[in-house]
Structure formats: C-alpha cells, structure tokens
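Data first, discussion second: the structure below is written as structure tokens.
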Number of protein chains: 2
Amino acid sequence: MSVMKKQKSSYHHGNLSESLLDAVDDIATKFGLEAVTLRACAKLVGVSPSSAFRHYADKRALLTSFATRALHQLTDSMARAKTDAQENSGDEFSAVSLAYIEFALAKPAFFRAMWREETIYVNDENYEAAVKLLSSFMQAGFAATIDDVDPNSFSSQELLAWSSVHGLAHLFVEGPVGKGMDKAQQMEMARGMIKSLADSLSSVKTS
Amino acid sequence: MSVMKKQKSSYHHGNLSESLLDAVDDIATKFGLEAVTLRACAKLVGVSPSSAFRHYADKRALLTSFATRALHQLTDSMARAKTDAQENSGDEFSAVSLAYIEFALAKPAFFRAMWREETIYVNDENYEAAVKLLSSFMQAGFAATIDDVDPNSFSSQELLAWSSVHGLAHLFVEGPVGKGMDKAQQMEMARGMIKSLADSLSSVKTS
DNA sequence: ACTATTATGTGAACAGTGATAACATTTGTC
DNA sequence: GACAAATGTTATCACTGTTCACATAATAGT
C-alpha cells in the first residue's frame, strides 16, 4: 500500500524520498536487509534507478534514513509500553525492555539496519538524535532525566540494563539463542532474563 | 606475512583455502568487513578471482569459515583469560567476560563477521560447533557442565550474563556507547558493568 | 501570461561485484 | 609413463552503485 506509485502526473512522483523508505521497509521485511538494493527499491516505487540520488547522496544515506526511522518506531513502541504500564500500574522497566526485544523479534531486518556502523552514517545528526532518544528510555527505570542523555554517562546499573536487553535482542536476531523456538517461547525467555535483571538491580539498589 | 603467495610452483598455490581466510582477516582488519571482496582477497593472495570457488561454494561459505575461525580465536582468548585467573586466583567470570569485550574492541570486524545471519551459513556444522563452544564459556562462572551446552537451556542468570556481556560488546562495536573514548576508558566502563553484573548475580544466588 | 529558474525524474553509460563454464596445468595413482 | 583427480585461469555473464547529460514539471518574478 504505502509503496504504491502515484499515478497523477506519471513523471514527478511527488513523495519519492518517503516512498523509497517504504520500499526499503517492504523489501527488508520480505527478503531481508541484504536484498535491499537501490534498483529493487526504485522498481518497487515505479521509478528509474537513478532518481534515488536526487533524494539521497548514496545508498548509505538511504539506509541511514531507514535506520533512523526504525529507531523512532522502536522508541514509539517503548513509549507506548511505558504508558501502558503506568496506566495498569505494571513494571515500567520490564515493559520497556520487553518492547525492545519484541521489536527485534518482530522486525529483525529493522533491528539489523539500526546497528550497522559500516553501512550507515552513524554521525548523521538525525540518526544520532534518534539513538539518543532511544537510549534515554533505557534509563527510564532509574529516574534519570529524560532530556540530555549522554551514552557515555550511563551508570553501571543503567549500562547493565541496556546491554543485557540489547544483547538478548541481538542474540535472538543474529545469534544462536532461541533458534528453534517460536515467538511466545522467546518472549518467555526474555521475561525470565528481565526478571533476573530487575531483581538483581533492585537488590543492589537497596543494599 | 601470513597472506604471502607461495613462489614455489607459481601455478598451484598449495594452501589457498587457508590463505584466503588470512586475506579476509587482513582486509577486514584494515578496511572493514564491507571491503572484503572475493576479488580483493584473490589479488592479495596472488591468485585469480575464480580460484576461490574451488575451495568455497560461494562468498557466504568463505565468510562462514572466517566467522568460525574468529569464534575460535575469541574462545581461545577467553580460555587463556580463565586459566590466568585461576592461576592468579582472580575472578574467572570477570576475566572471561572482559576477554569477550576486549576481543570485540580489538577486532571489531571479526566480531561483526561472527554474528551476521544474512551473510553466513548459520547452520554450517563447524560454525554451530564453534558457537556452542563459545557459549559454554559464558556458563563457566556457574559451574555448568562445559560439554553439551544447549543455548536454549541457559538459566535466566546465565542468559543475563551472556546477554549483558555480548550486548555491551555489540554496543561498543556498532552502537553509540563509548564512542569518543579510547580503549582503556572503554574497558574501565566494561569493568564497571561486569562488577554490577557479578554483584547482582551473587546477591541473587545467595538470597 | 510568459519566461527563467529550480526541482525532480530518465536513459545511457561506467567500473566493480559474485558467479559460471570451458580450458590449462599440476599432482597423484596404477 | 598414462590417466584421473585436483587445482588454477580466462572469458564472460547478470547485477550492483553511481554519474552525467538530458527531459520534464513546478515555481517565482516580471
């Protein structure tokens, strides 16, 4: 749907830069990130291959935009989980962590695209802002200031929290963990790990 | 050195399959994993591009072998750290964990190559065996049986340990954590997180 | 309303990529 | 020494990202 080519003028597309991102989305979802090719995206949108360069300096810039969008999707999902937990008086930290892992399982190609230094421009300001916003949510359970989060000033506990949640997500997506399992089993595994994490963090806190 | 072309017969190379892995090593180290191209490897070894296909079914098979070798290098490094800790009566678990992260920082391209489902054959038996061996070392601090480690039967605490160490390594290599820091600072950060991890695990254990 | 300028899309090319197949050379075996 | 298997080469293929000259459309200035 979102990738449909505009029929109006049949020359100017009208919204190509965004539609190309949708095409990356489609192809990455269906055939994996390695299958994302500039020509395939252009064909899917119904446009000539070279037209992409009017909107993105190169393929890497396109993938950077896609990664940025994926980061925002993940952050939105975490934000939803957080407010849900607040309303239902659940554990915010667990809810946010589970959302992180659930996203990786649901959209593995997106998760891969987010963290790939060699294929995106990690110094792009939008990308950096998206990462910063995301990382702030992993500090949410620690009453940190949401604004102005510096990935280098994480406390040991906060770093442990992000690392473990991120690490499990990555081991699910790229590694051997939970390989033959279905999503429900994997999420059960994640719940177990997060429980251990939350228990240990609180026990450290109160000690 | 290790990539040098044999001058003896000048037709048959003698040890091409291994030398190609050395070439991947060299190029990945110097120019990153994305720069690893079949032709570049062949040229470095001093051989025609198509000769690689006598030893590897395709590029993905070559990268799988390389990933497997990298996994063994990491495992060796962890094993060394473990025996060192034993001899010096240090903390085995911390030593092994630090070796994991140190490897990722020293050889980021190798670490990337290890965990990339779309560019290697994750069901290759040698790769699977190497992963299994590696994962067993992350259970080392928990007095688990070293043999016959099943990545799906990790306890919550064991999973937390592997996930957090792996996650931090990955956030260092592909993510925003420790970006402007030098290796010493990054390792200090890692020590902090591992300390938090070890503390919390032991506090859970004894509670 | 008409034109000039800018924005956007096209077509044809380029070098570099993984891969294949027919051919060449060496090594090993009887 | 002949023959077969293993190993390396050459030529070629389709496909990739990218560029450049050109075509078309949208917009601004008068």
Side-chain angles (χ1 to χ4, degrees), chain A residues 3-24 26-28 30-67 113 116 118-121 124, chain B residues 3-24 26-28 30-67 113 116 118-121 124:
Chain A
V3 187
M4 263 199 326
K5 152 187 185 177
K6 282 208 172 176
Q7 304 282 9
K8 202 153 123 193
S9 81
S10 98
Y11 194 95
H12 277 35
H13 178 279
N15 194 16
L16 187 49
S17 64
E18 199 73 19
S19 295
L20 282 172
L21 292 177
D22 294 338
V24 175
D26 260 37
I27 296 172
K30 289 182 191 157
F31 308 109
L33 196 60
E34 299 298 315
V36 172
T37 192
L38 229 37
R39 295 172 123 95
C41 293
K43 175 178 265 186
L44 186 58
V45 173
V47 95
S48 117
S50 54
S51 58
F53 293 91
R54 295 278 172 217
H55 302 270
Y56 300 96
D58 50 18
K59 187 188 181 183
R60 200 168 173 179
L62 172 64
L63 291 180
T64 303
S65 272
F66 177 71
R116 191 163 291 199
E118 288 192 353
T119 44
I120 65 179
Y121 293 117
D124 175 87
Chain B
V3 187
M4 262 198 328
K5 152 187 188 180
K6 281 207 172 180
Q7 304 280 13
K8 206 153 120 193
S9 81
S10 99
Y11 194 96
H12 276 37
H13 178 278
N15 195 17
L16 187 50
S17 63
E18 199 73 18
S19 295
L20 283 171
L21 291 178
D22 294 337
V24 175
D26 260 36
I27 297 172
K30 290 181 191 157
F31 308 109
L33 196 59
E34 298 299 315
V36 172
T37 191
L38 231 33
R39 297 172 122 95
C41 293
K43 175 178 265 186
L44 186 57
V45 173
V47 96
S48 114
S50 55
S51 58
F53 293 95
R54 296 275 172 217
H55 302 270
Y56 299 98
D58 50 19
K59 186 189 184 183
R60 200 168 173 179
L62 172 63
L63 291 180
T64 303
S65 273
F66 177 72
R116 194 165 289 203
E118 287 191 354
T119 43
I120 65 180
Y121 292 118
D124 175 86

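The chains referred to below are lettered A, B, ... by the order of the sequence lines, with proteins before strands, and numbering in each begins at 1. Side chains are part of it too, since the values below use all heavy atoms of this structure and drop only hydrogens, waters and symmetry mates. What you see is a predicted model, and the numbers here were worked out from it, not measured in a lab.
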A/K59 NZ to C/dT17 P, in whole Å, measures 14 Å
Give a yes or no on whether a donor-acceptor pair under 3.5 Å exists between the nucleobase atoms of C/dG16, that is its base, and the side chain of B/R39.
-> no
Considering only heavy side-chain atoms of B/S48, the closest of D/dT7, D/dT10, D/dC22 is D/dT10
Under 3.5 Å, which donor-acceptor pairs link side chains of residues 30-46 of chain B to any protein atom two or more places apart or in another chain?
from: B/E34; atom 1: OE2; to: B/R116; atom 2: NH1; distance (Å): 3.1

Distance col, row B/L63:CG vs B/E118:CD, nearest 0.5 angstrom, shows 13.0 Å
- Message: Main chain of B/R60, side chain of B/Y121: is a donor-acceptor contact present, judged purely on distance under 3.5 Å?
- Response: no
Atom CG of B/N15 and atom P of C/dT27 are separated, to the nearest Å, by 15 Å
A/I27 CD1 to D/dT16 P, in whole Å, measures 10 Å
Winner on side-chain proximity to A/F53, out of C/dT8, C/dA19, D/dT18, is D/dT18
Derivation and outcome, side-chain contact (heavy atoms from CB on, under 4.5 Å), residues B/L20 and B/L16: CA-CA 6 Å; B/L20 283 171; B/L16 187 50; 3.9 Å; yes
Whole-Å distance, A/R54 CZ to D/dC20 C1', equals 9 Å
Taken to the nearest whole Å, CD/A/E34 to C1'/C/dT17 is 14 Å
Sorted by position of nearest nucleotide on DNA chain D, 5' first, the leading residue of B/P49 and A/D58 is B/P49
Exercise. Quick one: does A/T37 reach the base of D/dG17 with a side-chain donor-acceptor pair under 3.5 Å?
Worked result: no
To the nearest angstrom, the OH-P distance between B/Y56 and D/dG8 comes to 12 Å
Output for pair (B/K59 NZ, B/T119 OG1), nearest 0.5 Å, gives 8.5 Å
Taken to the nearest whole Å, CG/B/L20 to P/C/dG18 is 12 Å
Checking D/dT18, D/dG8, C/dG9 against the side chain of B/H55 (C-beta onward), the nearest is D/dG8
Rounded to whole Å, the CG-P distance (B/L38 to C/dG18) equals 5 Å
Quick note, A/S50 side chain, CB onward, closest among C/dA12, D/dT10, C/dG9 is C/dA12
